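The structure appears right after this line, and notes come after that.
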Amino acid sequence: MLASIVNATLRILTFRAGPQDFPYDPKLTAPLVLLAALATGLQAMPLLPFAGAVAAAIATVAALAMATRFVLRMRQLDARFHQTFAALLATNAVLTLLIVPFASQLAPALHEISANPALIEHPEQMKATLPLGVTFLMLLLSFWSLLVNASIFRHALNATYFVGLMIAFGVALTLQVFVNVIVSLVVGTSAT
């Protein structure tokens with residue numbers, strides 16, 4: 001079973017398969033949720049306190065589940081939820097784990113910028129503070145993640161790639177807002 005999960009994940013990451021090619025087993029949801037939450041938590045750890053990183057991990061997975069369920073239900077394709085959600089969890093976990101080392105390298109620069117927002121007004125100082133190669137690689141991996149999610153939604157909804165891309169973009173924005181609200185509530189509560 002593990003070999004088929006890895007194979008399907010790699011094929012989806014390289015746009016040679018869709019969520020329909022992911023092994024169907026509702027029992028896979030729990031381990032994939034844990035893997036995706038762990039990856040998200042590891043990515044958030046350098047930037048947030050522990051409680052914030054845990055909140056970000058839980059909120060990300062929960063929001064992804066709700067958004068996936070909502071999108072599929074709108075098209076009356078509820079039966080595709082398990083494979084679609086599993087494919088999203090597996091691929092996002094892999095790409096997030098690839099981002100983790102870059103996020104760790106970028107964290108000191110981001111802390112410096114948040115401590116001194118005036119740096120943003122001086123591009124020459126920003127270049128010295130922000131490692132551009134690391135930033136570029138993180139953006140590239142994030143863009144790849146968006147395209148993979150678009151492909152997954154396209155297949156799950158029997159839609160065009162453009163529709164899949166718009167849905168993936170909308171889901172990404174919704175997740176970002178939801179996670180930011182939850183993290184700020186948790187970090188704000190734990191700070192007081």
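Each residue takes its place number in the sequence, starting with 1. These numbers come from the heavy atoms of this one structure, side chains and all, not from hydrogens, waters or symmetry mates. Given the structure is predicted, the values throughout are model-derived calculations rather than measurements.
Rounding to the nearest 0.5 Å gives a distance of 4.0 Å between OG1 of T68 and CG of L64. Within the model, atoms CG of L146 and CG of L141 stand 12.5 Å from one another, a figure rounded to the nearest 0.5 Å. One distance of note links OG1 of T29 with CG of L89; it measures 7.5 Å at 0.5 Å rounding. Within the model, atoms OG of S145 and CZ of F143 stand 11.0 Å from one another, a figure rounded to the nearest 0.5 Å. Within the model, atoms CD of Q43 and CG of L48 stand 10.0 Å from one another, a figure rounded to the nearest 0.5 Å. If you take CD1 on I58 and CD1 on I182, they are separated by 10.5 Å, rounding to the nearest 0.5 Å.
Of the possible polar contacts, one joining the T40 side chain to the A36 backbone as a donor-acceptor pair under 3.5 Å is found. Formation of a donor-acceptor pair under 3.5 Å by the D21 side chain with backbone atoms of A17 is not found in this model. Judged by distance alone, with hydrogens and angles left aside, the side-chain atoms of Y24 form no donor-acceptor pair with the main-chain N or O of R80 at under 3.5 Å. Within the 3.5 Å criterion, the main-chain N or O of R16 finds a donor-acceptor partner in the side chain of R11. Between the side chain of N7 and the backbone N or O of A3 there is no donor-acceptor pair closer than 3.5 Å. In this structure, W144 contributes its side chain and L139 its backbone to no donor-acceptor pair below 3.5 Å. No donor-acceptor distance shorter than 3.5 angstrom exists from the side chain of R73 to the backbone of D78, with no hydrogens or angles considered. In terms of modelled atom types and a separation under 3.5 Å, the side chain of T91 and the main chain of A87 share a donor-acceptor contact. Between the Q83 side chain and the F22 main chain, a donor and an acceptor come within less than 3.5 Å of each other.
The two atoms that bring V61 and A37 nearest to each other are CG2-N, 3.8 Å, heavy atoms only. Smallest separation of non-hydrogen atoms from T96 and N92: OG1-O, 2.6 Å. For the residue pair P23 and L28, the shortest heavy atom distance occurs at O-CD1, 3.7 Å. Between A156 and T84, the closest heavy-atom pair is CB-OG1, 3.4 Å. The shortest heavy-atom contact between I99 and S142 is CD1-OG, 3.9 Å. Considering every non-hydrogen atom in both V100 and A39, the closest pair reads CG2-O, 4.0 Å.
Criterion: ILVMFWY side-chain heavy atoms under 4.5 Å apart, direct or through other members. Under it, V54 and L47 are not part of a common hydrophobic cluster. Cluster membership for F169 and L88, using ILVMFWY side-chain heavy atoms within less than 4.5 angstrom, is shared. Following chains of ILVMFWY side-chain contacts shorter than 4.5 Å, one can reach L157 starting from I152, so the two form part of one hydrophobic cluster. Residues I12 and L72 share a single hydrophobic cluster, defined by chaining ILVMFWY side chains whose heavy atoms lie under 4.5 Å apart. No path of Ile, Leu, Val, Met, Phe, Trp and Tyr side chains, each step under 4.5 Å between heavy atoms, connects F102 with M45, placing them in separate hydrophobic clusters.
Between F153 and M166, every side-chain heavy-atom pair lies at or beyond the 4.5 Å cut-off. Contact of the M138 side chain with the L106 side chain is registered, since non-hydrogen atoms from C-beta on lie closer than 4.5 Å. Taking the side chain as every heavy atom from C-beta outward, T14 and L10 never approach each other to under 4.5 Å.
With a 6.0 Å radius and a threshold of 12 heavy atoms from other residues, nucleotides or ligands, Y161 has its OH atom above the threshold.
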Show the numbers, then the answer: is there a side chain to side chain contact (heavy atoms under 4.5 Å, CB included) between V171 and N149?
CA-CA 9 Å; V171 167; N149 289 349; over 6 Å; no
Given L147 and L165, is the side chain to side chain contact (heavy atoms under 4.5 Å, CB included) satisfied, shown in steps?
CA-CA 7 Å; L147 293 178; L165 188 59; 4.1 Å; yes
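Among residue pairs with one or both ends in residues 49-81, those qualifying as ring pair (Phe, Tyr, Trp, His ring centres under 6.0 Å) are F81-F85; sequence neighbours excluded.
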